[in-house]
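Inspection log for the structure reproduced underneath, given as structure tokens.
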Amino acid sequence: MGSFLAELFDAFVNLISNPSSFKGWHGEKQVSKRLKTLDQSSYIHLDDLYIPMKNGQTSQVDHILISSKGIFVIETKNFEGWIMGSENSPTWTRINFKHKNNFPNPVWQNYGHIKAIQEHLGDAAADIPFYSVVVFCKKANLKFKEPFKNADVVSIWNLLRLIETKSGENTLTNFRKEKIKLMLVKLQLKDWRARKEQSRQHVRHIKGNLAEKKLQIANNICPRCGGGLVTRSGKNGSFKGCANYPKCRFIA
């Protein structure tokens, strides 16, 4: 079975067994299709990389775009409805008709991806600007009240315009761009079976981390820094926050 047909078959299986997983895959394909329309002599485009981390786990990155201005790290969300949140809130809110639910702040999520990439590249990433981009697909309606300082959050319609008009000096030579590409492309598994197994391992690690995080919170231990959790009062009621605030801003 060819790689392309195998990928389609895998997507079909995901659609039946896990519709949300298929929806995410479809969103990433939409973004990838748009990124491929950029000038290939100016941009190097890589999709679906699992960046190894020092703790033995991986950080799954949807899209990386290497340009003379720096490296764009792009997180894709294929959500419907109104999207609300802020740069510093741990969770954002999605409202679709009468349904309302929270999801982890994707800006924070993408910050972790960037740190993993920088750690993997080491000295090769020295002095390179990194641009954090969160892109929502066609059916999302972005309702943000405050501007973002350390990331760009856009709809898929505005993605290419954002990339092409991003200000910055041409700091990366073609030689450095190719060097970074070689270091990252090794992380792309071509065999669909290997990619599928890697994805399963990644999900297992995430579930294991969530279980451990819940246990730590239940025992009033901050899962971010190991400090204690204390009960605080806010405008929306009481919540648990790290005792090491403001050095650690974890809240539960």
Side-chain angles (χ1 to χ4, degrees), residues 24 28 31-32 35 38 42-77 86-90 92 104-135 147-154 159 162-189 195 198-199 201-203 205-206 208-210 213 222-226 244 246-250:
E28 291 172 21
V31 172
S32 181
L35 293 176
L38 290 167
S42 301
Y43 297 94
I44 298 174
H45 167 217
L46 301 172
D47 286 329
D48 195 23
L49 277 76
Y50 289 83
I51 313 297
M53 298 189 296
K54 289 182 178 179
N55 61 7
Q57 299 181 16
T58 55
S59 180
Q60 194 270 327
V61 181
D62 292 340
H63 315 279
I64 295 176
L65 200 64
I66 307 168
S67 75
S68 59
K69 296 178 184 178
I71 298 177
F72 293 84
V73 181
I74 303 171
E75 173 69 18
T76 298
K77 296 298 180 186
S86 67
E87 190 164 358
N88 295 318
S89 58
W92 288 7
N105 184 338
V107 171
W108 290 11
Q109 184 181 2
N110 213 34
Y111 175 79
H113 297 333
I114 290 174
K115 287 301 179 183
I117 295 169
Q118 290 173 327
E119 183 179 281
H120 179 73
L121 293 177
D123 293 340
D127 302 322
I128 295 179
F130 278 77
Y131 302 103
S132 176
V133 180
V134 178
V135 56
F148 294 85
K149 297 179 180 179
N150 301 307
D152 289 286
V153 183
V154 296
L159 175 61
L162 168 71
I163 293 169
E164 292 173 334
T165 60
K166 196 71 175 179
S167 61
E169 299 180 2
N170 295 327
T171 57
L172 264 70
T173 62
N174 287 335
F175 175 80
R176 290 191 73 188
K177 285 161 61 178
E178 287 296 329
K179 180 180 179 181
I180 292 169
K181 173 188 174 182
L182 289 174
M183 294 179 71
L184 293 175
V185 78
K186 296 176 182 178
L187 305 176
Q188 279 189 319
L189 297 177
R195 289 205 313 271
Q198 188 175 54
S199 176
Q201 290 181 7
H202 179 74
V203 171
H205 284 148
I206 290 175
N209 286 343
L210 288 175
K213 181 178 178 180
C222 174
R224 184 172 297 172
C225 73
N244 291 328
K247 289 184 178 181
C248 177
R249 297 175 179 269
F250 177 82

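Note that the coordinates shown come from a computational prediction; the quantities given were computed from them, not determined experimentally.
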Rounded to the nearest 0.5 Å, the CD1 atom of I74 sits from the CG atom of L162 at a distance of 8.5 Å
S59 and G112 have their tightest heavy-atom pair at OG-O, 4.2 Å
Check: P104 main-chain N/O paired with W92 side-chain donor or acceptor under 3.5 Å:
no
Heavy-atom closest pair (A151 atom, V107 atom, distance to 0.1 Å) is CB-CG1, 3.8 Å
Rounding to 0.5 Å, atoms CG (N174) and OG (S68) come to a distance of 8.0 Å
So side chain to side chain donor-acceptor pair (under 3.5 Å) across residues 118-135, not counting sequence neighbours, yields N110-S132
Quick one, V73 with I117, criterion side chain to side chain contact (heavy atoms under 4.5 Å, CB included). Give me CA distance, side-chain angles, the key distance, then yes/no.
CA-CA 9 Å; V73 181; I117 295 169; 3.7 Å; yes
Open item on the list: What I'd like to find out is whether the side chain of L159 reaches to under 4.5 Å of the side chain of L35, using heavy atoms alone.
Closed with: yes
From the list K177, K69, R176, side chain to side chain contact (heavy atoms under 4.5 Å, CB included) partner of I128 resolves to R176
Across all chains, not counting sequence neighbours, the salt bridge (Lys or Arg N to Asp or Glu O under 4.0 Å) partners of K179 are none
The side chain to side chain donor-acceptor pair (under 3.5 Å) partners of N150 (sequence neighbours excluded) come to E87
To the nearest 0.5 Å, atom NZ of K115 lies from atom CZ of F130 at 9.5 Å
Residues passing the side-chain contact (heavy atoms from CB on, under 4.5 Å) test with E178, sequence neighbours excluded, are I44, K181
Scanning both residues in full, the closest heavy-atom pair of S32 with H63 reads N-CE1, 3.9 Å
Where do V133 and L65 land on the side chain to side chain contact (heavy atoms under 4.5 Å, CB included) test, with the steps shown first?
CA-CA 11 Å; V133 180; L65 200 64; over 6 Å; no
In terms of heavy-atom contacts, S67 and F72 come closest through OG-CE1, 3.6 Å
Distance col, row S42:OG vs I163:CD1, nearest 0.5 angstrom, shows 12.5 Å
Residues passing the salt bridge (Lys or Arg N to Asp or Glu O under 4.0 Å) test with D47, sequence neighbours excluded, are none
Those residues at least two apart in sequence (or on a different chain) that pass side chain to side chain donor-acceptor pair (under 3.5 Å) with T171 are none
Residues passing the side-chain contact (heavy atoms from CB on, under 4.5 Å) test with T165, sequence neighbours excluded, are R161
query = Does the side chain to side chain contact (heavy atoms under 4.5 Å, CB included) test come out yes or no for N105 and N88, once each step is laid out?
reply = CA-CA 8 Å; N105 184 338; N88 295 318; over 6 Å; no
OG1 (T76) and CD (E28) are apart, to the nearest 0.5 Å, by 5.5 Å
Residues passing the side-chain contact (heavy atoms from CB on, under 4.5 Å) test with N244, sequence neighbours excluded, are C225, C242, C248
When rounded to the nearest 0.5 Å, the distance separating NZ of K77 from CD of Q109 is 4.0 Å
Sorted by chain and number, sequence neighbours left out, side-chain contact (heavy atoms from CB on, under 4.5 Å) with E164 holds for L38, Y43
